[in-house]
*Asks:* 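Handing you a structure now.
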Amino acid sequence: MSTPKTLFDKVWDAHVVRQIEDGPDVLFIDRHFIHEVTSPVAFLGLEGRQAPVLFSERTFATADHNTPTINQHLPVADPQSASQLNALERNAHKYNISHWGLGHQKNGIVHVVGPENGITLPGMTIVCGDSHTSTHGAFGAIAFGIGTSEVEMVLATQCIMQPKPKKMRITVNGKPGKGVLSKDIILYVIAQISASGATGYFVEYAGEVFEDMSMEGRMTVCNMSIEMGARGGMIAPDATTLSYLKGRDLSPKGTQWDKLVPYWQTLKTDEGATFDVDLTFDAADIEPQITYGTNPGLGTGVTQHIPMADAIKDGAASYKKSLQYMGFAENESMLGKPVDFVFLGSCTNGRIEDFRAFASIVKGRQKASHVTAWLVPGSHIVEKQIQDEGILDILTQAGFELRQPGCSACLAMNEDKIPAGKYAVSTSNRNFEGRQGPGARTLLASPLVAAAAAVTGEVSDPRQFL
Amino acid sequence: MAYDKFTILRSSAVPMPNENVDTDQIIPARFLKATERKGFGDNLFRDWRYNNDNTPKADFVLNNHTYSSEGAPRKILVGGKNFGSGSSREHAAWAIYDYGFRCVVSSFFADIFRNNAINVGILPVQVSPEFLEKIFAAIEADPATELEVNLPEQTITLLATGDSERFAINSYKKNNLTNGYDDIDYLLSMKNEIETFAETRPF
Ligand code: SF4
């Protein structure tokens, strides 16, 4: 009998073109996503070498990081943003790469449009010059972010060079309680193991909680893998995965699909396969979460108090600096903290399920008058779903507006910046100093916690509204 | 992007004994909106090097004539412990290369920076803390003192005294640097193998 293998090993080993002695593995890349910010210099490098794109049909371009989220029909005002968008369009055209630019009906955040169009499939290797490429791991793919030289490398050779990372399994058993979403599960795990707890590892998520989760929820979980330092995270494909993918625009069809199904069914960790680290948590311990500090590991249950410095592993000095930036103090209650901004969106929580969750609370209520809310769908397809399902009407009646798709306030590279000193409850993935604008203070949370904050104007427990 | 071959480098050095020099200091985030890899050297250590009105800060080492031999730019940067920590931006390595450095010496490098450096043609040489002290002392005694970095032999030597230490590098990366290849050159040389492999992919 052959040695038992993990899901990760099965997918990795199937992509090794060559093993270099005393060096990295040469790994074949099935799908490559590019966007306007990290690709221009890679294309210049390619030009300098006079190398073609080896397999242009394996790369997909979308504009998202640096795009406006209102008036997308008008020319982009910021000249540097406009020049990055033009470069992407020009390069895509020149090298025959499919390009979903601003205004294209399939445009949206790269990690939203890949899966929703069936470009992402189980068993693939997927890379993109953006660290949240880990999102695609939800489908049982090995997916991770790369640097600009590597973008050039994939364009020219469809391969990258990587030493094989170590493996970690995170199991969460049981059933999540009322109001606990996938975002709460992953924020809880990160708070338990810290923002660097999985550095050097590739994570597999296992257990009942992830088995019961929708694909949208699994994407939220895998997306945040990078926030505990992991290279990426993945979940074994199952019936949920296949029914999500079947019939999507670019998913394999007919006999091609039928041939792949038996292969996909082999993509799971064998009984007896081992991990370098194996962690287990219980869903019953998890309540809706919120962060209070300046890294995603500094989070707690929404009804809890901010921990004392001596309870934190990171070191008291950086912890105190973090609280100072946030304008918080040890032992304060999170409930009742005033909120100025609410951001629903990003590749973490900008999908239809997130808007459904948000709407479930704001329905029949009103936005707090002092709160500015930016609701930004992850793609035009999500935007259309919001309209078709009647969610837009609910949002409008509650005093909200919907913006146009893009990364928006997740990284605040466009105009959507939280002003200095203001508090934003945000469904995105990073609460670093200045991430959402210079001086901005970010509280990461789920769409339900964001909705509760939007109607009350302060940090609130969403369960009272469910 | 291709770079110059690296075999034996002999040069005087620029000393920067600060610990934890992070990539935000090497190249501040506001310089990441560019669409070309050009001019990053001008912004290397921008906020340490220039005042807000763009006049040079006299006390910063890159602006100190003692360490800038006219006509023979120094190619070795000697940094304190944990050089290159922080974000993964490759722009930090671009800026160092573009400025003219080919080698950075320190007693410890942040992981991603070390990789990015090699990828753009900069040799990161990790020495013992004791040897690092010797280098700083030698430069202080004679700012023009020369170092020799010998990649084939994997040694770094203070030429004035003959003091020498060996450094580590994996044989794949060493081969790339000595031949002026980068990973892309290596991969392009196995293009047929990659194309054959691609045929076997089910999607
Ligand atoms: S939404 Fe944020 S994390 Fe996601 S791709 Fe855009 S910038 Fe990156």
Side-chain angles (χ1 to χ4, degrees), chain A residues 14-18 20-24 26 28 30-31 36-46 48-49 51 54-55 58 66 78 80-81 83-84 86-88 121 123-124 131 145-150 152-161 163 199-200 252 256 259-260 263 413 434, chain B residues 1-3 23-24 28-38 40 86-94 97 110-113 115-121 168-176 181-203:
Chain A
H15 290 85
V16 176
V17 184
R18 185 190 280 185
I20 301 174
E21 216 185 305
D22 193 19
V26 174
F28 187 81
D30 294 311
R31 291 286 183 274
E36 74 276 23
V37 175
T38 53
S39 70
V41 171
F43 280 107
L44 284 180
L46 209 59
R49 282 175 210 274
L54 188 58
F55 295 111
R58 291 183 180 274
N66 208 351
D78 173 29
Q80 279 187 309
S81 306
S83 109
Q84 287 190 327
N86 289 339
L88 184 69
L121 298 175
M124 282 183 165
S131 55
I146 56 176
T148 297
S149 284
E150 290 169 315
E152 181 186 341
M153 193 178 298
V154 178
L155 289 169
T157 71
Q158 206 58 43
C159 288
I160 66 159
M161 297 198 155
T199 301
Q256 209 199 343
K259 264 200 254 166
L260 283 166
Y263 167 60
M413 213 169 159
Chain B
M1 185 171 294
Y3 49 78
T23 51
D24 266 289
R30 61 183 185 279
F31 299 111
L32 309 186
K33 269 202 180 189
T35 48
E36 289 180 71
R37 184 182 150 181
K38 258 211 318 238
F40 282 100
S87 107
S88 65
R89 65 189 64 157
E90 197 170 302
H91 309 67
W94 297 347
Y97 187 92
D111 243 4
I112 299 182
F113 176 81
N115 261 326
N116 285 344
I118 296 183
N119 279 343
V120 309
I169 181 168
N170 82 44
S171 56
Y172 164 77
K173 289 291 182 190
K174 175 174 168 179
N175 186 46
N176 268 4
Y181 293 157
D182 59 13
D183 287 346
I184 302 182
D185 295 316
Y186 180 95
L187 291 172
L188 285 174
S189 78
M190 54 180 283
K191 197 169 145 214
N192 291 343
E193 196 178 333
I194 295 170
E195 281 173 329
T196 312
F197 187 91
E199 305 270 316
T200 69
R201 295 304 301 146
F203 27 60

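Protein chains get the first letters and strands the later ones, always in sequence-line order, with residue 1 at the start of each.
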*Asks:* Relative to chain A, which segment of B/F203 carries a heavy atom at a distance below 4.5 Å: side chain, backbone, both, or neither?
*Replies:*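 Interface part for B/F203: both.
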
*Asks:* Nearest 0.5 Å, what's the NE2-OG1 distance between B/H91 and A/T38?
*Replies:*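 OG1 of A/T38 is found 8.5 Å from NE2 of B/H91.
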
*Asks:* Over all heavy atoms of both residues, which pair between B/I184 and A/A156 is shortest? Give the atoms and the distance, please.
*Replies:*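 For B/I184 and A/A156, the tightest heavy-atom pair comes out as CG2-CB, 4.1 Å.
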
*Asks:* I need the minimum non-hydrogen distance between B/P202 and A/L260, along with the two atoms involved.
*Replies:*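 Where B/P202 meets A/L260 most closely, the heavy atoms are CB-CD2, 3.8 Å.
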
*Asks:* Tell me, side chain or backbone of A/V17 under 4.5 Å from chain B's heavy atoms, or both, or neither?
*Replies:*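 Interface part for A/V17: both.
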
*Asks:* Please identify, among A/I160, A/T148, A/V26, A/D30, the residue contributing the most non-hydrogen atom pairs under 4.5 Å to chain B.
*Replies:*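 It is A/D30.
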
*Asks:* Given a strict heavy-atom distance threshold of 4.5 Å, which part of A/L46 is in contact with chain B: side chain, backbone, both, or neither?
*Replies:*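 The answer is neither part of A/L46.
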
*Asks:* Roughly how far, to the nearest 0.5 Å, is CG of B/N175 from CD1 of A/I20?
*Replies:*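 Spacing of CD1 (A/I20) from CG (B/N175) equals 10.0 Å.
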
*Asks:* Please assess B/I194 against A/R18 for the test side chain to side chain contact (heavy atoms under 4.5 Å, CB included), listing each intermediate value before the final yes or no.
*Replies:* CA-CA 9 Å; B/I194 295 170; A/R18 185 190 280 185; over 6 Å; no

*Asks:* Going from CZ on A/R49 to CG on B/D182, what distance comes out if it is rounded to the nearest 0.5 angstrom?
*Replies:*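 So the gap between those two atoms works out to 4.0 Å.
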
*Asks:* Look at A/A51, A/G123, A/P252 and state which one has the largest set of heavy-atom pairs under 4.5 Å with chain B.
*Replies:*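 If we count pairs closer than 4.5 Å to chain B, A/G123 comes out on top.
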
*Asks:* What is the minimum heavy-atom distance between A/V41 and B/W94, and which atoms define it?
*Replies:*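 So the two residues come closest at CG1-CH2, 3.4 Å.
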
*Asks:* Looking at every non-hydrogen atom in both residues, tell me the closest pair between A/L44 and B/T35 and how far apart they are.
*Replies:*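 For A/L44 and B/T35, the tightest heavy-atom pair comes out as CD1-O, 3.4 Å.
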
*Asks:* Taking A/Q256, A/H15, A/R31 one by one, which has the highest count of heavy-atom pairs under 4.5 Å against chain B?
*Replies:*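 Highest number of heavy-atom pairs under 4.5 Å: A/H15.
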
*Asks:* Sort B/K173 into side chain, backbone, both or neither according to what part of it lies under 4.5 angstrom from a heavy atom of chain A.
*Replies:*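 Neither the backbone nor the side chain of B/K173 comes within 4.5 Å of chain A.
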
*Asks:* Kindly give the heavy-atom pair with the smallest separation between B/Y172 and A/P24, and that separation in Å.
*Replies:*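 B/Y172 and A/P24 have their closest heavy atoms at CD2-CD, 3.7 Å.
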
*Asks:* Relative to chain B, which segment of A/V154 carries a heavy atom at a distance below 4.5 Å: side chain, backbone, both, or neither?
*Replies:*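 Interface part for A/V154: neither.
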
*Asks:* For a side chain to side chain contact (heavy atoms under 4.5 Å, CB included) check, start with the C-alpha distance between B/R201 and A/R58, then their side-chain angles and the critical distance, and finish with the verdict.
*Replies:* CA-CA 12 Å; B/R201 295 304 301 146; A/R58 291 183 180 274; 3.9 Å; yes

*Asks:* Using non-hydrogen atoms and a 4.5 Å limit, figure out which bit of A/E36 sits close to chain B: side chain, backbone, both or neither.
*Replies:*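 When you check distances to chain B, no heavy atom of A/E36 falls under 4.5 Å.
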
*Asks:* Less than 4.5 Å to any heavy atom of chain B: does that hold for the side chain of A/D78, its backbone, both, or neither?
*Replies:*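 Just the side chain, heavy atoms under 4.5 Å.
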
*Asks:* Quick one: what part of A/F55 sits under 4.5 Å from any heavy atom of chain B, side chain, backbone, both or neither?
*Replies:*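 The answer is the side chain of A/F55.
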
*Asks:* Classify the side-chain pair A/S149/B/E90 by whether it contains a donor and acceptor separated by less than 3.5 Å.
*Replies:*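 Side-chain D/A pair, A/S149 to B/E90: present.
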
*Asks:* Would you compute the distance between atom CE of A/M161 and atom CG of B/N119 and round it to the nearest 0.5 angstrom?
*Replies:*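 If I round to the nearest 0.5 Å, the distance is 9.5 Å.
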
*Asks:* For A/D22 and B/S171, which I'm curious about, is there any donor-acceptor pair between the side chains at under 3.5 Å?
*Replies:*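 The criterion, which ignores hydrogens and geometry beyond distance, is satisfied for B/S171 and A/D22.
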
*Asks:* Would you compute the distance between atom CG of B/L187 and atom CE of A/M153 and round it to the nearest 0.5 angstrom?
*Replies:*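 B/L187 CG to A/M153 CE: 6.0 Å, rounded to 0.5 Å.
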
